[in-house]
Amino acid sequence: MADHIQTLEARVAQATAREDHVDALNALAREIRRTDVRRALSMAQQANTLACAPSHSYPRGQADSLLTLSTCNRLLGQNEQALAQALEALAVYQQLNDLTGQQATLSHLGALYCNLGEYPTALDFQLQFLSLAEQSGDLRNQSTAALQIGFTYSEMGRYAETFPYYDRGLTLCQACGDIQTEARILNSYCVDSTNIGEYSKALAHGRRSLQIFETIGDVYGQGVALGSIGEAQAAAGQYAEALESLLQALGVLRAAGNDLNSYEAICISYQIGLANLRRGDLDQALLHLQQTLASASAAQIKIVEYQCHERLAELFERRGDLRQALEHYRLFHAKREQVFNETSDQKLKNLEVLHRTQQAFAEAERQKQLREDDRHYFEQLAKLQREFFSTATHDLKNPLSGLSLGIDLLELHITPTDKDAFEILAGMRGGIERMIHLIADILDLAKLETGRALVIEPIMIAPLLRMLVQDHRLAADQKQLTLDLQVELGDLAIECDAAQLRRALDNLISNAIKYTPIGGRVTLIARYTPADMIIKVIDTGIGIPTHDLPHLFERFYRIHDADHLEIEGTGLGLAIVKAIVEQHGGQVWAESQLGAGSIFSLRMPLSRAHAR
Ligand code: ADP
């Protein structure tokens, strides 16, 4: 065991890859959780943090650590956390379709709910455990599940359902040769048969259980089995045999390293006192009951404490020492009431825990459903969008080309002196061009937003920017604007889709020119950091109100003030810029001061490796 722990510790220390590290931490935490639960908790916590790192999540490691965290919290009595973590682990294992993980978690959840006294829910999980074990043909897990289900029914006092599950478990154990579980089932069989007064059955099963524990050398198991046999014998009135079994049980437990203050030893010692009392050996009874009382109060096992007081009261009454008898009766009632109050307090707390967990669970389900609805909605929307855009191309573009042709023909038919007619036709042509432009923008945006593949190649940035400035020079001159370019890039190349980047910058520069009054200045600045290129388009134009800034990049967004609206536009240019930049793994943002000017900045990763 110690060697095994050392090996696991070495594995943790040597692990370099994140997944190995998580697995090693989980394995170590699982191993030490019974001996050093706090350390196990911290290991599992570390594993969980590593496994959930957003850049590189490792769901299986996450689920394993959640399950270990849950078992540690159960050992520490933190039921609420234990439940939440186990339910989360189950959800992850389900997503991964990991049947083994699901079975371990379902079995653990069954035990947790059983502990909380919430038997129907416990059964629900245990039955799921059984059915998954059946599905995966795992006979060992099937027998464990059958034992757990039988045990839960026994806790509910529903013995008619208990025994068929024990029988089923026994058959399964025999089929797969799992004699350890077989012995545990036989022991439970013995205890529950005693509870319903079937002593000969109890003894037969108890003895078989003892035999198996002896065969496999499980000393602790032998102690437990001898205790159950002793109790069955005492209940059947076979006091001498009972005492022999119970004393043997104590000896065996001691040999197994169990001190006399362990829970099992205290229960057996109480049984010895009781058997002596029943057979009338009051001196021995007194001795054992007093010893048991001392150990039980030291170990704070209150139920055994009050049981001892009750028996001692009975004993002193039989001896005629009424003063002592009365004192023990008084203590018996006081302790029992305390236990009763504590149990009902605990039950109330458990109920609260269950209620909160169920609420959290229901909320998680609701969120899942909403996400599912959203996904469905967006899929429908995307489909509609695709249909609309293909209709738009054919149904809108074609007639527009027809109209344009019509205008060309009309121009041939009107007399050159008819200025009004020419003006009307020019206006119509302008309108058609704007519509063609708008349709092209909508189509481009749609293609970008549905993830059109980029044509990525290394592009020299400085020449591209110079070319762009040249393209816009005429428009700038017409408004007497100074158009500047400041590049600090040298021969820098970036990996991008040149046509798309050009399109994005084109939109920003035309906006700057459009929204800057005559005589102003538009400046393009480009520089780079080790991972990114940053381009800024700065103008001394009309600016943008602060409250409009967060919406600028939404499609069809236009600023509703007279200065902006008098300038023609579609509200699509910036949405296209954003879609292009984001497809490259970059960012775009705007800063502005109304009446003073605006700065549009664009950050693009230099290479695809830097894209985030
Ligand atoms: P549009 O075709 O209307 O220009 P955009 O999406 O390119 O569409 O821009 C959205 C809105 O943002 C514009 O209508 C305009 O009001 C505002 N805007 C964009 N660029 C600037 C700028 N450089 N200065 C002032 N306002 C701007």
Side-chain angles (χ1 to χ4, degrees), residues 385 389 392 396 430-449 465 468-469 471-486 499-526 534-584 586-603:
Q385 201 185 32
F389 288 127
L396 293 175
I432 289 170
E433 269 163 17
R434 277 195 302 280
M435 279 178 82
I436 289 178
H437 188 71
L438 173 64
I439 291 167
D441 274 358
I442 296 177
L443 287 173
D444 282 351
L445 190 59
K447 280 188 207 146
L448 283 164
E449 287 180 344
L465 292 178
L468 269 165
V469 168
D471 289 352
H472 287 276
R473 179 74 61 200
L474 184 66
D477 287 348
Q478 279 171 354
K479 284 182 82 178
Q480 295 152 37
L481 300 178
T482 315
L483 182 56
D484 267 349
L485 174 65
Q486 298 172 13
Q500 295 301 335
L501 176 62
R502 203 186 154 119
R503 173 84 197 270
L505 290 169
D506 219 34
N507 284 0
L508 291 181
I509 301 169
S510 357
N511 275 353
I513 293 174
K514 240 171 38 173
Y515 296 104
T516 301
I518 292 173
R521 173 184 286 270
V522 173
T523 314
L524 231 76
I525 297 182
I534 292 163
I535 298 179
K536 288 184 183 291
V537 181
I538 304 169
D539 66 53
T540 55
I542 56 176
I544 298 158
T546 314
H547 62 265
D548 284 300
L549 284 172
H551 306 287
L552 276 190
F553 297 92
E554 290 166 14
R555 26 168 135 166
F556 299 112
Y557 192 84
R558 302 214 64 215
I559 293 167
H560 284 275
D561 66 25
D563 286 347
H564 285 87
L565 287 181
E566 81 178 12
I567 298 166
E568 221 168 69
T570 61
L572 279 174
L574 289 177
I576 291 176
V577 174
K578 181 168 184 267
I580 293 174
V581 174
E582 287 183 351
Q583 259 214 327
H584 281 83
Q587 276 174 329
V588 57
W589 66 97
E591 298 149 87
S592 184
Q593 207 181 335
L594 200 58
S598 313
I599 306 176
F600 282 81
S601 308
L602 176 155
R603 182 193 64 73

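A quick note: this is a predicted structure, and the numbers were derived from the prediction, not measured. Read the numbers this way: they start at 1 and go in the same order the structure lists the ligands and their atoms. Just so you know, these numbers use all the heavy atoms, side chains as well, and skip hydrogens, waters and symmetry mates.
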Short N or O separations between ligand 1 and the protein, below 3.5 Å:
unit_1, atom_1, unit_2, atom_2, d
ligand 1, 2 (O), T570, N, 2.9
ligand 1, 2 (O), G571, N, 3.2
ligand 1, 3 (O), R558, NE, 2.8
ligand 1, 3 (O), R558, NH2, 3.4
ligand 1, 3 (O), G571, N, 3.1
ligand 1, 4 (O), N511, OD1, 3.4
ligand 1, 4 (O), K514, NZ, 3.3
ligand 1, 4 (O), Y515, OH, 2.9
ligand 1, 6 (O), G573, N, 3.3
ligand 1, 6 (O), L574, N, 2.8
ligand 1, 7 (O), N511, OD1, 3.4
ligand 1, 7 (O), N511, ND2, 2.8
ligand 1, 7 (O), L574, N, 3.4
ligand 1, 8 (O), G571, N, 3.2
ligand 1, 14 (O), Y515, OH, 3.3
ligand 1, 14 (O), R558, NE, 3.2
ligand 1, 20 (N), N511, ND2, 3.4
ligand 1, 23 (N), D539, OD2, 2.9
ligand 1, 26 (N), H564, NE2, 3.3

Looking at D539 and G597, would you say the former's side chain and the latter's main chain have a donor-acceptor pair under 3.5 Å?
no
Which residues satisfy the side-chain hydrogen bond (donor to acceptor under 3.5 Å, both in side chains) test with H437, sequence neighbours excluded?
none
Salt bridge or not between D441 and R503? Use side-chain N to carboxylate O under 4.0 Å.
yes
Check whether more than 12 heavy atoms from other residues, nucleotides or ligands sit under 6.0 Å from atom CD of Q593, and answer yes or no.
no
Using the six-membered ring wherever Trp is involved, compare the ring planes of Y515 and H564 and label them parallel, tilted or perpendicular (cut-offs 30° and 60°).
tilted
Candidate list L505, I576, V577, I580, test side chain to side chain contact (heavy atoms under 4.5 Å, CB included), partner Q500, passing option
I580
